[in-house]
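Below is one structure, written out as C-alpha cells; comments come after it.
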Amino acid sequence: MPDVISADRLAVNGGTPVRDRLENPWPSWPANTEKEWEREIEPALREVYLEKTEGLPAGRSARFGQAFAAYCGAGYGLMLPHGTDAISASIAGALDLDGLREGGEFIIPNYTFIATASAALSVRCSLALADIDPVSYTLDPNAVQAAITDRTVGILPVHMGGHPADMEALNAIADKHGLVVVEDAAQAHGAENSGRKVGPLGDVGAYSFQSSKNLTAGEGGCLVTNHAHIYERACAFKDVGRRPGGERWEYPRHGWNYRTSEYIACILLARLRSLQHQTEIRNRNGAHLTRELLRVGGVIPPTARNWVTKHGYHLYMTRYDPEQFGGRSRDEFVRALIAEGIDCTPGYQRPLTDEGALKSVSEAYPDLVRRLPCPHAESVCRRSVWFYQSMLLGTREDMDDIVEAVNKIKRAFTR
C-alpha cells in the first residue's frame, strides 16, 4: 500500500492501482500448504488408497458427519456429495418424502443461490419466494407470515453470506402453523445465532463444501439435526433406501444413491480443525473493515442483527450508495474497484424468480413457483457489492487497501 493516499487518476482510467495483484495477491483459497499436505492430507489419502475402502462402508464419511454435527452442536450429521443434495435430503427427512409424490410448498427467500430452489424442486416441492430483511439479507419473518397458504409445508431460510436468519421468529411461525424449518446454511460455516451454531436451530440444516465455501473439499455437503427420525429417513434417501446400520441387500424404504467418496471425507476431517480459527480471523478483519468503511461513507458495510453472536462471513456484503459517489452507477464503481486491485462482485443481479432458470420453470409449470412482492430484494440486487471470504483471511493492511481504494474512487467520482 502506498505511504500517501494518491489523488492521481483512477486505475480504470490509466492510473496506478492501489494494489498490484501480481506483487501482492489476495489470499488464495483453499489455503493449501505443502506442510499440511505432508503432515495430514497425504497420509490420510494414502491410508484410504492402500486399505482399498474408497466407498462403502464409508467409515470416514460417517466420522466426518459426526464430527461436523458435534461442531454445530447437533446430535446427528450425514455427509452427502453436494450442498444441494444435503438440502434435498433434509427436506425428504423432515417431511418423510420419497421424491415421488408431491411434497407441498416451501417458502424461501427471493435472494439466494439457485440450489436453494432446485433442491426443493428435486423432491417435488413447490416454491413461494418471499422478500428479505434489508439489513441481514435473510428471509423476512413478516413476509413469510404473509406468504403462508394451505399448501405451505415448510420454511427454508438461507443464512445469506454467513448472517444467521431470524430463527426465533421463523421457528415461532412454523410452530404456529405446523410447518417444518429446513436451514440452508451453505454459506454459514461457524455462524452463531444467540450463541448457538446455525444448522440444527430448526428441524434440520444443510451445509455445502463446494470450492468457494469456508470449509471445502472442492465439493461435498452435510446435513445436521437433533432428530433421530429425520436422520434415519435422510440416511435411507442417501443410501438406496437402507436404514442406518442395515444389511447391504435389504431396502426397507425407497431411496436414491447420494453416497460419498472417502477421499473427500479425509480432506474435510483435516480442514475442519482449522475452521473455527479461520472464522475468528474473518470476524476480526470484518469488524475492522466495517469501522473504516463507515468513516469513508457511501459503501454501507454489513450490519449484524442483535441475535448474531458470530458472523460466518462467507461474503462481506455491502451496499453502494450512488448519491455519495456523484451519482455514478454501482457497476461503474465495481469496475473501478477491480481496476484498483480489489477483488469484488455485484453479486446477485436480480431476484431469483427473475433469473432464466426459475422464469422458465414458472412459465412451464406455473403451479411450482409463486413470487411474492420483494422490494427489499430488488433494492439489494441493484446496490450490492460483495467481497470474498478468502480476502478476510488476509492482514489488517489488506483490509486497509480495500478502504483506500473505496476512498480514492469516492474522491474521483465526486470531483
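Put simply, the side chain of N407 never gets that close to the backbone of E404: no donor and acceptor are under 3.5 Å apart. At least one donor-acceptor pair under 3.5 Å links the side chain of R330 to the backbone N or O of C381. At distances below 3.5 Å, not a single donor-acceptor pair connects side-chain atoms of S379 with backbone N or O atoms of P375. Looking at Y316, its side chain does come within 3.5 Å of a backbone N or O of T290 through a donor-acceptor pair. A side-chain donor-acceptor contact under 3.5 Å links N171 to the backbone of L201. Formation of a donor-acceptor pair under 3.5 Å by the E340 side chain with backbone atoms of V406 is not found in this model. Side chain of D184 to main chain of I87: no donor-acceptor pair is present (N/O by atom type, distance under 3.5 Å, no hydrogens or angles). In this structure, D133 contributes its side chain and S136 its backbone to a donor-acceptor pair below 3.5 Å. Using modelled atom types, no side-chain atom of W26 and backbone atom of L392 make a donor-acceptor pair closer than 3.5 Å. A donor-acceptor pair is defined here as one N or O able to donate and one able to accept, closer than 3.5 Å; such a pair exists between the side chain of D203 and the backbone of V181.
If you take CG on L10 and OG1 on T16, they are separated by 11.0 Å, rounding to the nearest 0.5 Å. Atom CG of D96 and atom CD1 of I230 lie 10.5 Å apart (nearest 0.5 Å). Remark: Q187 CD to Q389 CD distance equals 10.5 Å, nearest 0.5 Å. In this structure, CE in M167 is found 7.5 Å from CG in N193, a value given to the nearest 0.5 Å. Interatomic distance, CD of Q276 versus CG of L215, reported as 11.5 Å (0.5 Å rounding).
Between A377 and D131, the shortest heavy-atom distance links the atoms N-OD1, 2.9 Å. Across all non-hydrogen atoms, the minimal contact from L139 to I107 is CD2-O, 4.1 Å. Nearest heavy atoms, L372 versus A130: CB-CA, 4.1 Å. When all heavy atoms of W307 and P164 are compared, the closest pair comes out as NE1-O, 3.0 Å. Here the closest heavy-atom approach between residue H189 and residue A186 is recorded as CE1-O, 3.0 Å. When all heavy atoms of K410 and G297 are compared, the pair lying nearest together is NZ-O, 3.4 Å.
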Could you list the donor-acceptor pairs under 3.5 angstrom formed between side-chain atoms of residues 147-160 and any protein atom two or more places apart in sequence or on another chain?
residue	atom	partner	partner atom	Å
T149	OG1	R151	N	3.1
R151	NH2	S126	OG	3.0
R151	NH2	D367	O	3.2
T152	OG1	T149	N	2.9
T152	OG1	T149	O	3.3
H159	ND1	A165	N	2.9
H159	NE2	E183	OE1	2.8

Could you walk me through whether Y137 and R319 pass the side-chain hydrogen bond (donor to acceptor under 3.5 Å, both in side chains) test, one step at a time? CA-CA 11 Å; Y137 313 130; R319 283 172 292 154; 3.1 Å; yes

Output, in order, the C-alpha distance, side-chain angles, deciding distance and verdict of side chain to side chain contact (heavy atoms under 4.5 Å, CB included) for F209 and I267. CA-CA 11 Å; F209 309 119; I267 295 172; over 6 Å; no

L97/R124 under side chain to side chain contact (heavy atoms under 4.5 Å, CB included): CA gap, chis, key distance, verdict: CA-CA 9 Å; L97 299 179; R124 301 198 65 186; over 6 Å; no

Yes or no on side chain to side chain contact (heavy atoms under 4.5 Å, CB included) for E219 and H82, after CA distance, side-chain angles and deciding distance? CA-CA 6 Å; E219 283 293 351; H82 312 95; 3.4 Å; yes

Report the C-alpha distance between R21 and D343 in whole Å, list the side-chain angles of each, state the deciding distance to 0.1 Å, and finish with yes or no for salt bridge (Lys or Arg N to Asp or Glu O under 4.0 Å). CA-CA 9 Å; R21 287 191 187 85; D343 295 341; 2.7 Å; yes

Step-by-step side chain to side chain contact (heavy atoms under 4.5 Å, CB included) determination, V380 to M317: CA-CA 10 Å; V380 169; M317 304 173 68; 5.7 Å; no

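Between F237 and L223 the shortest side-chain heavy-atom distance does not fall below 4.5 Å. Residues R39 and W37 have side chains not in contact (no heavy-atom distance under 4.5 Å, counting atoms from C-beta outward). Using a 4.5 Å heavy-atom threshold, the side chains of S362 and T353 count as separate. Proximity of L129 to P351: side-chain heavy atoms (C-beta onward) are nowhere separated by under 4.5 Å. In this structure, the side chains of E40 and L269 stay at 4.5 Å or more apart for every pair of heavy atoms. At a threshold of 4.5 Å between non-hydrogen side-chain atoms, the residues T318 and F387 count as touching. Proximity of T414 to Q324: side-chain heavy atoms (C-beta onward) are nowhere separated by under 4.5 Å. Within the 4.5 Å cutoff, the side chain of K238 has heavy atoms near those of the L80 side chain.
Shown here is E355, whose CD atom has more than 12 heavy atoms of other residues, nucleotides or ligands within 6.0 Å. For E280, the CD atom sits in a packed shell: over 12 heavy atoms of surrounding residues, nucleotides or ligands are nearer than 6.0 Å.
Stacking of R282 on the aromatic ring of Y313 is not recorded, the 6.0 Å distance cut-off and the 45° axial limit not both being met.
Between F325 and F413, the ring planes are perpendicular. Angles over 60° get that label, and only those under 30° would be called parallel. The aromatic rings of Y231 and Y76 lie parallel to each other, their planes meeting at an angle below 30°, with 60° marking the opposite boundary.
With 3.5 Å as the limit, one finds no donor-acceptor pair spanning the side chains of Y348 and T112. If you check the side chains of D85 and S88, you find no donor sitting under 3.5 Å from an acceptor. Side chains of R271 and N32: a donor on one and an acceptor on the other come within 3.5 Å. N283 and H311 share no donor-acceptor pair across their side chains, judged by distance under 3.5 Å alone. Looking only at atom types and distance, the side chain of E262 has a donor-acceptor partner in the side chain of S61 under 3.5 Å away.
Between R253 and D98 there is no salt bridge, since no side-chain nitrogen of the basic residue lies less than 4.0 Å from a carboxylate oxygen of the acidic one. Comment: D354 engages R371 in a salt bridge, judged by a side-chain N to carboxylate O separation of less than 4.0 angstrom. Electrostatic pairing of E232 and R243 does not count as a salt bridge here, judged by no charged N lying under 4.0 Å from a carboxylate O. A salt bridge is absent between R335 and E332; no separation between the charged side-chain nitrogens and carboxylate oxygens falls under 4.0 Å.
Every side-chain contact (heavy atoms from CB on, under 4.5 Å) that T84 has, sequence neighbours left out, goes to A115, S118, A119.
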